[in-house]
Amino acid sequence: MTDLATFRSNAIAFLDSMVPKYARTARAGNTVEQDLALGREYMAARYDAGFGGINWSPDVGGQGLSNMHKIAFDAEEMERGMPVQFFGISLGMPVPILIAYCEDKDFVKERVRKALRGEEIWCQMFSEPSGGSDLAALRTRVEPDGNGWKMNGQKIWTSWAQYCDYGVIVTRSDPTVEKHKGLTYFWIDMKAKGVEVRPIKLAGGDSHVNEVFFDDVRLEDEQRLGAVGGGFGVALHTLMIERYIATDSAGFGPHLDQFVKLANETEINGKPAIEDGRIRSAIARNHAMRAGLDSITKRAFLMMQAGMQPGPEGSLQKLVAVRSRQKLSELAMDLKGNDSFAFDPHAYVKTDWGTSWLNAPTGRIAGGSDEVLLNTIAEKVLGLPQDHRPDKGIPFNQIPA
């Protein structure tokens, strides 16, 4: 295995060579399409340089290194602002699930290689308009159709679906059993007949999420991932991955150092804001919270290195990090006063407080809403009794709509 210090040094050298063309500052003013084209180029260069699939098995085209190697690379890459936003979900959840559950290993290897090179993008389709935060309440249905399946329904909030080649999806295959038991999981060709993608414009001005409609879409049984009726278990596997790839204790907002800098440059009652006890208290609380979350993440990755499955503590990471990001962004805007009303729709969420605040609610819904995460923490981490569920033990088609 490559020494971590040597690996980091090689990664820095590679990334620094990419900065003039691909870093955030070099792409300022680009359209989404221009950024995507550069992103594909960068992903291909990253793959050719040996930094694609760092912690994936060589059997599927990865480098066979540790999770710590990947964390080291990701930290350096994030700092430079490379155009990887289109590929994060693709490589973070759908492709690992394909690796774990798809039985056609030649198909898997081809998809992995093209995904790592940025040639193909995958999306994840879980949320539905009528389901709210309850994944098991989904209504997109599949019915047997010859030696395959026919799918009808709708998904929503699907990130980057308008640019995706493939996706993974959870469907209802049997409405006559309890809602968690009648689900089946598939991969799907996003260009297949009957698939329609409609972008949704968000409050921040961007349209990276979509509605996806399915009208008699044909699925072969070979596209099934896991057992018929076993879709909820595969979905939980997907969500566990999602909550542990969200490992930024800043909630993917600005770093705490930027708030300290703002507090030094801003005055309250004629004195630097950093001298105000309330501001210093907010900084201390955020520092302690982020240190705690980083410790949880480190523990999880050490467990994975040891071949163990990390537990539900990942829910704490997502819940607390994004909530605190929203509150800190709001405080930063208060400090800026009228200057906080200036809004740049192209500003970067990790450097602009207004953009961070405006987009934080999206982060509190995606990958499990606050309410779902609180239930998970209460039941799986604290061992508290499960909430009352009036639909428990009732067939899905008997639950009032």
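The model shown is predicted, which means the values in this text are computed figures rather than measured ones.
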Check: Phe73 ring centroid to Phe51 ring centroid under 6.0 Å: yes

Interatomic distance, Arg117 atom CZ to Met43 atom CE [nearest 0.5 angstrom]: 10.5 Å

Which residues share a side-chain hydrogen bond (donor to acceptor under 3.5 Å, both in side chains) with Asn152, sequence neighbours left out: Asp216

Rounded distance (nearest 0.5 Å) linking atom SG of Cys164 with atom CZ of Phe86: 11.0 Å

Within 6.0 angstrom of Lys327 NZ, more than 12 heavy atoms from elsewhere: no

side-chain contact (heavy atoms from CB on, under 4.5 Å) evaluation trace for His208 with Leu202: CA-CA 8 Å; His208 72 275; Leu202 298 175; 3.4 Å; yes

Rounded distance (nearest 0.5 Å) linking atom OG1 of Thr362 with atom CZ of Arg364: 11.0 Å

Exam field: side chain Glu120 to backbone Ala115, donor-acceptor pair closer than 3.5 Å: no

Leu4 and His69, any side-chain heavy atoms less than 4.5 Å apart: yes

Derivation of the side chain to side chain donor-acceptor pair (under 3.5 Å) call for Arg325 and Ser329: CA-CA 6 Å; Arg325 162 192 156 187; Ser329 299; 4.9 Å; no

Where Arg40 and Gly118 come nearest, the two heavy atoms and their spacing: NH1-O, 2.6 Å

The single option from Ile97, Leu91, Val95, Ile188 passing side-chain contact (heavy atoms from CB on, under 4.5 Å) against Trp122: Val95

Crowding at CD, Glu103 (>12 non-hydrogen neighbours, <6.0 Å): no

Nearest heavy atoms of Leu331 and Ala282, plus distance in Å: CD2-CB, 3.7 Å

Residues Tyr47, Glu119; criterion side chain to side chain donor-acceptor pair (under 3.5 Å); working and verdict: CA-CA 11 Å; Tyr47 179 87; Glu119 296 172 15; over 6 Å; no

Results of salt bridge (charged side-chain N to carboxylate O under 4.0 Å, His left out) for Arg224 - residues two or more places apart only: Asp221

Shortest non-hydrogen contact between Val322 and Gly363, atoms and distance: CG1-C, 3.8 Å

Whether Ser57 side chain and Gly64 backbone form a donor-acceptor pair below 3.5 Å: no

For Arg46, the option from Glu76, Glu77, Glu41 that meets salt bridge (Lys or Arg N to Asp or Glu O under 4.0 Å): Glu77

Short side-chain to backbone donor-acceptor contact, Ser159 and Val209, under 3.5 Å: no

Aromatic plane relationship, Tyr166 with Trp187 - under 30° parallel, 30 to 60° tilted, over 60° perpendicular: perpendicular

Sidechain-backbone polar pair: Ser324 side chain, Ala321 backbone, donor-acceptor under 3.5 Å: yes

side-chain contact (heavy atoms from CB on, under 4.5 Å) evaluation trace for Leu183 with Val234: CA-CA 10 Å; Leu183 306 179; Val234 184; over 6 Å; no

Full working for side-chain contact (heavy atoms from CB on, under 4.5 Å) between Glu220 and Glu222: CA-CA 5 Å; Glu220 302 301 332; Glu222 289 77 12; 3.4 Å; yes

Interatomic distance, Arg141 atom CZ to Lys150 atom NZ [nearest 0.5 angstrom]: 8.5 Å

Criterion salt bridge (Lys or Arg N to Asp or Glu O under 4.0 Å) on Lys191 and Asp189, from CA distance to verdict: CA-CA 5 Å; Lys191 312 299 183 186; Asp189 183 346; over 6 Å; no

Asp257, CG atom: more than 12 neighbouring heavy atoms under 6.0 Å: yes

Sub-4.5 Å side-chain heavy-atom contact between Thr171 and Met125: no

Any side-chain heavy-atom pair of Lys179 and Arg172 under 4.5 Å: yes

Minimum side-chain heavy-atom gap Trp149-Val228 below 4.5 Å: yes

Heavy-atom side-chain proximity of Val372 to Leu135 below 4.5 angstrom: no

Shortest non-hydrogen separation from Phe232 to Ala136 and the atoms involved: CE1-CB, 4.0 Å

Over 12 non-hydrogen atoms of neighbours within 6.0 angstrom of CH2 in Trp56: yes

Residues, nucleotides or ligands: over 12 heavy atoms within 6.0 Å of Arg389 CZ: yes

Non-hydrogen side-chain atoms of Ile169 and Phe214 separated by less than 4.5 Å: yes

Gly81 backbone acceptor or donor facing Arg27 side chain under 3.5 Å: yes

Lys70 side chain vs Leu65 backbone, donor-acceptor pair below 3.5 Å: no

Exam field: side chain Arg139 to backbone Glu128, donor-acceptor pair closer than 3.5 Å: no

Sub-4.5 Å side-chain heavy-atom contact between Leu225 and Cys102: yes

Euclidean distance, Met82 CE relative to Asp74 CG, rounded to 0.5 Å: 12.5 Å

Whether over 12 other heavy atoms sit under 6.0 Å from Lys350 NZ: yes

Within 6.0 angstrom of Lys380 NZ, more than 12 heavy atoms from elsewhere: no

Distance in Å, Ser295 OG paired with Gln317 CD, rounded so as to fall on 0.5 Å steps: 10.5 Å

Shortest non-hydrogen contact from Asn210 toward Trp160: ND2-N, 3.8 Å

Ion pair Asp165/Lys114, N-O distance below 4.0 Å: no

Side chain proximity check, Phe126 to Thr238, heavy atoms < 4.5 angstrom: yes

Least distance between heavy atoms, Thr355 atom then Asp344 atom: OG1-O, 3.8 Å

Intermediate values then yes/no, side-chain contact (heavy atoms from CB on, under 4.5 Å), Glu275 and Ile268: CA-CA 9 Å; Glu275 296 181 14; Ile268 297 178; over 6 Å; no

Side chain Gln63, main chain Gly52, donor-acceptor under 3.5 Å: yes

